[in-house]
Amino acid sequence: MKNVKRLAFLSLVLILSFSLIACNNTKSSKNESGGKSDGKVTLNFWAFGATGYDKLIKEYEKEHPNIKIKFKTSENAEHHDSLFTALSAGTGAPDIALIEVDQLDRFKQAQDRFNNLFDLGAKDVEDQYLDWTWNNGKSVDGKFLFGLPTDIGPKALYYRVDVFEEAGLPTDPDEVAALINSPEAFKTAAIQVKEKTGKHFVDSMEMAYRAYLDAAPEKYLNPDGELLIEDKDNYVKKAYDFAVELNKAGVVGNFEMWSPEWANAVNDGSFAAELGAGWLKGWMEGNAPDATGKFRVATLPKEFSANWGGSYLTIPSETKHAKEAYEFIEWLTSPENQLKSFKSHGLFPSAPSVYTMDDFKNNEDEFFGGQITSVVFGKAAENISGSGYKGEKYVPINNEILTALTNVQEGANPEKEWNEAVKRAKDLLSR
């Protein structure tokens, strides 16, 4: 009888033990998925590239001890593909996702998978941002806000002082801007550099093409998904023809951006100028040590005034903590924190009030010979009227045009290459 009682007692103990383990596992699972069982809210934040947000996250967590932010950063393409897959599946998306501007229209097709930031209070901070970058974050009808703008990419002319001097061109930034004040003047200066120094003016066909393309009010597609590049007066064809024209004049190099050859060319001055965005200067300062003091920056002709790059912070609808996520991204994109991101990682602010802050206006760049380049890019940002609708398939169609331009540089017929690129673009839209 004693043995029976002992067995019954042991059985009860085991049952209670398993019950406690199961309860603990359930609590642990809730904590890992962002639950509040320990009084904290966990937010998963996916980003790409070098943003420096990890340091700002620590600041936020210190100020908000009830918030824990798990930060994951990936390579650009991998990040966007993983996010698109998770959103499509309806599970696995983060609470906060950074989306690059060229990718944004692709995600706008899945509006129901995101929170409308207008519903979370974003209207109250609209006046903090440049109009054109704020508008890019909205739906076509303007009723849905996908994301708050983080950084932007105002373009300017990066030029080598030594090459310009050898070519007999002015080297002071204001004088360069006054001289190269139109597409025609740009071409004239490019030819002078080639004739006097033997060097190319711009690094590649892509950069020559982007001169007009980035500033175009309309690009490959309209909001209805219709292809525009067959239109007679389309801006894309104008950009294409300008690149072909510069190549024919012999002023375009063959240095593909980010390749080792391109990096060496930036370092040793194998070409004279780059039509680059504000974020490029951070790369140059860290990767072209031999070029220190040899570059300056000037504003571009108004026809080339444009934005290249930048991102938006979005909140997928899958989150259970939209309020907390919004409070964090509003804090992260505040003018004060955009200044911090600019100073630490060169992320150019989308909030124009930053351009009047002393730390921004007095930020001398040793790499650029002590020039305060931030003021030049700030002026460029305020001269931008918009970046134009891009559409879901902007990136693959753009790649087809770049393929055509590469073939032209190798000797192919420009019109034949254009027509074939248009055909390939049509095929992409039919899939």
Side-chain angles (χ1 to χ4, degrees), residues 48 75-81 83-85 87-88 99-111 132 135-137 139-140 146 153 155 204-247 252 256-258 275 277 303-304 306-312 384 386-410 412-431:
F48 63 93
E75 186 271 329
N76 189 321
E78 177 190 346
H79 162 78
H80 288 97
D81 288 345
L83 178 61
F84 196 83
T85 298
L87 292 171
S88 299
I99 298 180
E100 202 267 339
V101 63
D102 283 354
Q103 296 274 358
L104 189 58
D105 285 334
R106 171 189 178 192
F107 288 90
K108 285 181 179 180
Q109 308 303 312
Q111 181 171 303
W132 59 267
N135 291 334
N136 283 347
S139 58
V140 174
F146 285 86
K155 291 178 67 176
S204 65
M205 289 292 272
E206 179 178 4
M207 292 304 106
Y209 173 57
R210 295 194 76 127
Y212 267 116
L213 179 75
D214 289 336
E218 59 181 30
K219 296 180 173 63
Y220 304 121
L221 303 161
N222 65 21
D224 294 324
E226 298 169 334
L227 194 66
L228 300 175
I229 57 179
E230 288 185 295
D231 296 350
K232 183 179 179 182
D233 298 322
N234 180 256
Y235 282 89
V236 175
K237 186 61 162 63
K238 184 177 184 179
Y240 181 91
D241 288 343
F242 185 69
V244 169
E245 183 182 338
L246 292 181
N247 182 64
V252 181
E256 182 182 352
M257 199 171 197
W258 309 126
L275 286 76
E303 293 89 343
F304 298 162
N307 181 71
W308 177 14
S311 302
Y312 291 80
I384 297 169
S387 61
Y389 179 79
K390 293 188 173 180
E392 181 182 0
K393 295 193 175 180
Y394 171 86
V395 173
I397 293 175
N398 185 65
N399 288 339
E400 295 300 345
I401 305 297
L402 294 181
T403 296
L405 287 170
T406 297
N407 293 340
V408 169
Q409 192 169 36
E410 293 175 355
N413 180 276
E415 284 306 308
K416 181 173 181 288
E417 288 298 323
W418 170 259
N419 291 333
E420 290 182 359
V422 171
K423 182 178 181 300
R424 293 194 298 271
K426 287 181 177 179
D427 291 341
L428 281 169
L429 293 179
S430 67
R431 294 173 190 169

For Lys393, what residues pass the salt bridge (Lys or Arg N to Asp or Glu O under 4.0 Å) criterion, not counting sequence neighbours?
none
Within a strict 4.5 Å, meaning less than it, do heavy atoms of the Leu428 and Ile397 side chains meet?
yes
Could you tell me if the side chain of Trp418 sits less than 4.5 Å from the side chain of Ile229, heavy atoms only?
yes
Which of these, Lys426, Lys423, Arg424, sits in a side chain to side chain donor-acceptor pair (under 3.5 Å) with Glu400?
Arg424
Sequence neighbours excluded, which residues qualify as side-chain hydrogen bond (donor to acceptor under 3.5 Å, both in side chains) partners of Asp241?
Lys237
Are Tyr209 and Asp214 side-chain neighbours, meaning at least one heavy-atom pair lies under 4.5 Å?
no
Let's go through Asn307 and Trp132 carefully: what are the C-alpha distance in whole Å and the side-chain angles of both, what is the deciding distance for side-chain contact (heavy atoms from CB on, under 4.5 Å) to 0.1 Å, and is it a yes or a no?
CA-CA 10 Å; Asn307 181 71; Trp132 59 267; 3.3 Å; yes
For Phe242 against Ala208, the heavy-atom pair lying closest together
CD2-O, 3.8 Å
Keeping the roles fixed (side chain from Asp231, backbone from Asp233), state whether a donor-acceptor pair exists under 3.5 Å.
no
Other residues, nucleotides and ligands only: do more than 12 of their heavy atoms fall within 6.0 Å of CD on Glu256?
no
What residues form a salt bridge (Lys or Arg N to Asp or Glu O under 4.0 Å) with Glu245, not counting sequence neighbours?
Lys187
Leu227 and Leu221, any side-chain heavy atoms less than 4.5 Å apart
yes
What is the ring orientation for Phe84 with Phe107, classed by angle as parallel under 30°, tilted 30 to 60°, or perpendicular over 60°?
perpendicular
Can you confirm whether Phe48 sits close enough to His80 that some side-chain heavy atom of one is under 4.5 Å from a side-chain heavy atom of the other?
yes
State, to 0.1 Å, how close Leu429 and Gly225 come at their nearest heavy-atom pair, and which atoms those are.
CD1-O, 4.1 Å
Check this for me: Tyr235, atom OH, are more than 12 non-hydrogen atoms of other residues, nucleotides or ligands nearer than 6.0 Å?
no
Would you say the ring centers of Tyr220 and Tyr394 fall short of 6.0 Å from each other?
yes
Where the side chain of Asp105 meets the backbone of Glu392, is there a donor-acceptor pair that is under 3.5 Å apart?
no
For Glu218 and Asn234, what are the C-alpha separation, side-chain angles and deciding distance, and is it a side-chain contact (heavy atoms from CB on, under 4.5 Å)?
CA-CA 8 Å; Glu218 59 181 30; Asn234 180 256; 4.0 Å; yes
Within the 4.5 Å heavy-atom criterion, are Ile401 and Leu213 side-chain neighbours or not?
no
side-chain contact (heavy atoms from CB on, under 4.5 Å), that's the test. Do Asn407 and Asn413 meet it? Break it down for me.
CA-CA 8 Å; Asn407 293 340; Asn413 180 276; over 6 Å; no
